[in-house]
Amino acid sequence: MTVTVYVPRDSAALSVGADLVAEAIAAHAAATKQSVRIVRNGSRGMLWLEPLVEVETATGRIAYGPVQAEDVKALFDSGFLHGQPHALCHGKTESIPYFQKQTRLVFARIGVIDPLDTAAYQAHGGLIGLQKALALAPMAIVDEVIASGLRGRGGAGFPAGIKWKTTLGVNDSQKYIACNADEGDSGTFSDRMGIEGDPYALLEGMAIAGIAVGATQGYIYLRSEYPDAKAVLLEAIARARASGWLGSNVLGSGKSFDVHVRIGAGAYICGEETAMLESLEGKRGVVRSKPPLPAISGLWGKPTVVNNVMTLMSVPWILAHGGAAYAAHGIGRSKGTLPFQLAGNIQRGGLVEVPFGCTLNQLIHDFGGGTASGRKVRAVQVGGPLGAYLPASKLDLPLDYETFAQAGGMVGHGGIVVFDDTVDMAEQARYAMEFCKIESCGKCTPCRIGSTRGVEVVDRIRSGDRREESTALLRDLCSTMTHASLCAMGGLTPMPVLSALDHFPEDFRKG
Amino acid sequence: MQPSAHSGLAVAATPAQLAVVDAALARLRDLPGALLPIFHAIQDELGFVPTDSLPRIAEALNLSRAEVHGVLTFYHDFRTSPPAPTVVKLCRAEACQAVGCRSLEAHLHQAHGAAMGSTTHCGALTLEPVYCLGNCALGPSALVDGKLVARLTTQRLDAIVAAAKQKAAAPGGRS
Ligand SMILES: Cc1cc2nc3c(=O)[nH]c(=O)nc-3n(C[C@H](O)[C@H](O)[C@H](O)COP(=O)(O)O)c2cc1C
Ligand code: SF4
Ligand code: FES
């Protein structure tokens, strides 16, 4: 009997040797004349266990990890093809607490199927949302998304349905769906895992958006730092076209929608939506002044819905199950689930999809197991390089957009970066200014010049040069950047800087 | 000659390199927003975008030379001079900082002479900064010739430098 063995092809798994493991399993099976079918799935998101090999048994999928090529012989010897025990065995994958305690809506298929297998996609609920959308009037699709309460996952948290409604309301023969797959925030990887692990769901979400607002063309702006995601995406688009899911007759509906990919070129600012549109047009990624809103005048001046990968990947589930079912998860005005990403100095790093409202402590300690170094958690940065640093005493806040904003933080794209007590927070503040200096688009002075001055001033503080005066100057500079920058690059860089200064003043008095 | 976007001298393009440029132009010039795809196609093949190819790119796309040059130099990815045979893009961002990427950067500089944006003393490896590779739970991370590697240590970096030297010495190793 042929045994099915899953070895992830997600790039995090590849980075720790998944290809070698797959080769070793194939070679050992051949040498010992055992019949094995290897499926290259996405990742279950338990990244500290990667490469996480799963074996299909009568009672379910059994997990082994982290597996290295050297372990393969011993796994065969102990009968892993029959789900037998071994030091690396974790029992049923779906009973591992880290996995079991999640609410996987957007990530339901990820790590379960071969991401490029069109039949498996449909067998696991794919295309139902698109089929339903094709039977609805455009405004009814938009109403479903509004009812779900889905907010943009790229950072700003703007209600997706309201944005769609704006574009639907504009009369134009050409409109666009632009998917923001720039995922520039450090500490985040849910877009990458989504694209690599379930690319058809993104294409389905874009097609639903296109049918809702009357757009026939979609563009995905994918960062160049993700070569594996690019390969999966291009293959998925080719297969989706060949299957009639994209193209001039989407699922036989007579409606047209196609998707194109453009690759970024290493500029963080191109994640800002108007800079992204400039870049898609082949120009320098300089931020545009708003208005006009992209929803009204975006790509090549045409009405354009710009949404993050996670926003669009949530849409098929919402159409399939109804907006109300989605809105039943979460708290307050933060509806549904968010795939959080546990990163940095963390014992069990990975992807955790849970409803809004859980706390940082639950994520970092219950899921993450504390730091990888075993030392105390000292600081946590939430929401990317423009997010605040929080001290260990502030980790009991429920994670929802409003509560977090009130506490001076930002949920953003859901990245959580943990630092232990060896971190020098003045160095982190310096880096925040340095990053702004490197990545500023240059359009406005507070950001372009302010960040350069910011690096110098932090350096002066750290070296003890007129410390009081320099600290006051730093606060002044931050205030100017906050209030006078055109976009959040210059406008939010003061968040990590001032939060470091406010919560960890002792680090600015050393030396 | 135009000033270089990358450290190092801009090099005059060979006829073979210009043929690569012309092929990319022929293939991609009609794409909407063609300039970035064209730069990527050229750099994927040559490792850099020769500055003396900019006039013909400008002409093919009906853009000014200043505009083409402005786009090329805006983006961190594009080089205007050839890199070493091995390129390491080491993540400098926060999640990797939390697990020690700063000391890796310092090690490459001290032990191998490669500051960010420059090449090792041996000439075999170019080190470039990158800000997150989406592998933030398994850092420190880097892309080594486009391949993602995780949990880097100074020892593993030394091995990568050693492999780069071998590759550079092997026949066909570009340099
Ligand atoms: C400096 C800066 C960087 C950004 N980077 C990203 C990014 O990498 N990915 C993303 O989806 N949104 C990013 N955004 C947010 C976008 O501008 C925009 O709000 C988002 O793409 C809209 O999609 P959403 O409503 O689905 O979130 C960034 C914003 C700023 C100011
Ligand atoms: S704040 Fe910075 S990145 Fe944003 S528009 Fe101004 S210069 Fe550009
Ligand atoms: S911060 Fe280094 S890979 Fe994300």
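Predicted model only: the values in this text are computed from it and were never measured.
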field: A:Leu342, part contacting chain B, at a heavy-atom distance under 4.5 Å
entry: backbone
query: Relative to chain B, which segment of A:Tyr268 carries a heavy atom at a distance below 4.5 Å: side chain, backbone, both, or neither?
result: neither
query: Tell me, side chain or backbone of B:Val71 under 4.5 Å from chain A's heavy atoms, or both, or neither?
result: both
message: Among A:Gly349, A:Pro385, A:Gly442, A:Gly350, which residue has the highest count of heavy-atom pairs closer than 4.5 Å to chain B?
response: A:Pro385
- line: Of B:Leu35, B:Leu63, B:Leu148, B:Val149, the largest count of non-hydrogen pairs under 4.5 angstrom with chain A goes to B:Leu148
- prompt: If you look at every heavy atom in A:Val417 and B:Ala98, which pair is closest and at what distance?
  reply: CG1-CB, 4.5 Å
query: Considering residues, nucleotides and ligands other than A:Lys175, do more than 12 of their heavy atoms fall under 6.0 Å from its NZ?
result: yes
- line: Smallest heavy-atom separation, B:Phe74 atom then A:Ala267 atom, equals CE2-CB, 4.1 Å
- prompt: Within a reach of under 6.0 Å around CD of A:Glu427, are more than 12 heavy atoms found that belong to other residues, nucleotides or ligands?
  reply: yes
- prompt: When rounded to the nearest 0.5 angstrom, what is the spacing between SG in B:Cys136 and CG in A:Leu47?
  reply: 9.5 Å
Partner chain B: residue of A:Pro227, A:Ser279, A:Gly184 with the largest heavy-atom pair count (under 4.5 Å): A:Ser279
- request: Examine whether an atom of A:Glu278 lies under 4.5 Å from a heavy atom of chain B, and if so say whether it belongs to the side chain, the backbone or both; otherwise answer neither.
  value: neither
message: Could you check whether any side-chain N or O of B:Tyr75 sits under 3.5 Å from a backbone N or O of A:Gly285, counting only pairs where one atom can act as donor and the other as acceptor?
response: yes
- line: Closest non-hydrogen contact found for B:Cys132 with A:Gly187 is SG-N, 3.9 Å
- prompt: Quick one: what part of A:Ser11 sits under 4.5 Å from any heavy atom of chain B, side chain, backbone, both or neither?
  reply: both
query: Say you draw a straight line from SG of A:Cys270 to CG of B:Leu36; how long is it, rounded to the nearest 0.5 Å?
result: 8.0 Å
- request: Any chance you could measure B:Arg92, atom CZ, to A:Ser186, atom OG, to the nearest 0.5 Å?
  value: 12.0 Å
query: Measuring from B:Leu133:CG to A:Arg192:CZ, what's the distance to the nearest 0.5 Å?
result: 9.5 Å
query: Of the backbone (N, CA, C, O) and the side chain (C-beta and beyond), which part of A:Ile416 lies under 4.5 Å from a heavy atom of chain B, both, or neither?
result: neither
query: For chain B, which of A:Ala265, A:Gly266, A:Ala343 has the most heavy-atom pairs under 4.5 Å?
result: A:Ala265
message: Between A:Phe435 and B:Tyr131 (judged by ring centroids, cut-off 6.0 Å), do the two rings come close enough to count as a pair?
response: yes
- prompt: Which bit of A:Arg223 is near chain B, if near means a heavy-atom gap under 4.5 Å: side chain, backbone, both or neither?
  reply: side chain
message: What part of A:Gln341 gets within 4.5 angstrom of chain B, counting heavy atoms only: side chain, backbone, both, or neither?
response: neither
- line: Turns out that what part of B:Arg102 lies under 4.5 Å from chain A's heavy atoms comes down to side chain
Beyond-backbone contact of B:Pro32 with A:Leu299, side-chain heavy atoms, under 4.5 angstrom: no
- request: Tell me, yes or no, whether the heavy-atom count around A:Gln174 atom CD, taken from other residues, nucleotides or ligands under 6.0 Å, exceeds 12.
  value: yes
task: Write down the atom of A:Ala12, the atom of B:Leu138, and the distance for their closest heavy-atom approach.
output: O-CD1, 3.7 Å
message: For the interface with chain A, which of B:Ser141, B:Ala95, B:Pro37 has the highest count of heavy-atom pairs at distances below 4.5 Å?
response: B:Ala95
query: Could you give the distance from CD (A:Glu439) to NE2 (B:His76), rounded to the nearest 0.5 Å?
result: 3.5 Å
message: Counting only non-hydrogen atoms closer than 4.5 Å, does A:Asp185 touch chain B with its backbone (N, CA, C, O), its side chain (CB onward), both, or neither?
response: backbone
task: Against chain B, label A:Thr371 side chain, backbone, both or neither, depending on which of its atoms sit under 4.5 Å from a heavy atom there.
output: neither
message: Would you compute the distance between atom CD of B:Gln97 and atom CD of A:Gln381 and round it to the nearest 0.5 angstrom?
response: 8.5 Å
field: Closest contact, heavy atoms only, B:His40 versus A:Gly264
entry: NE2-O, 2.7 Å
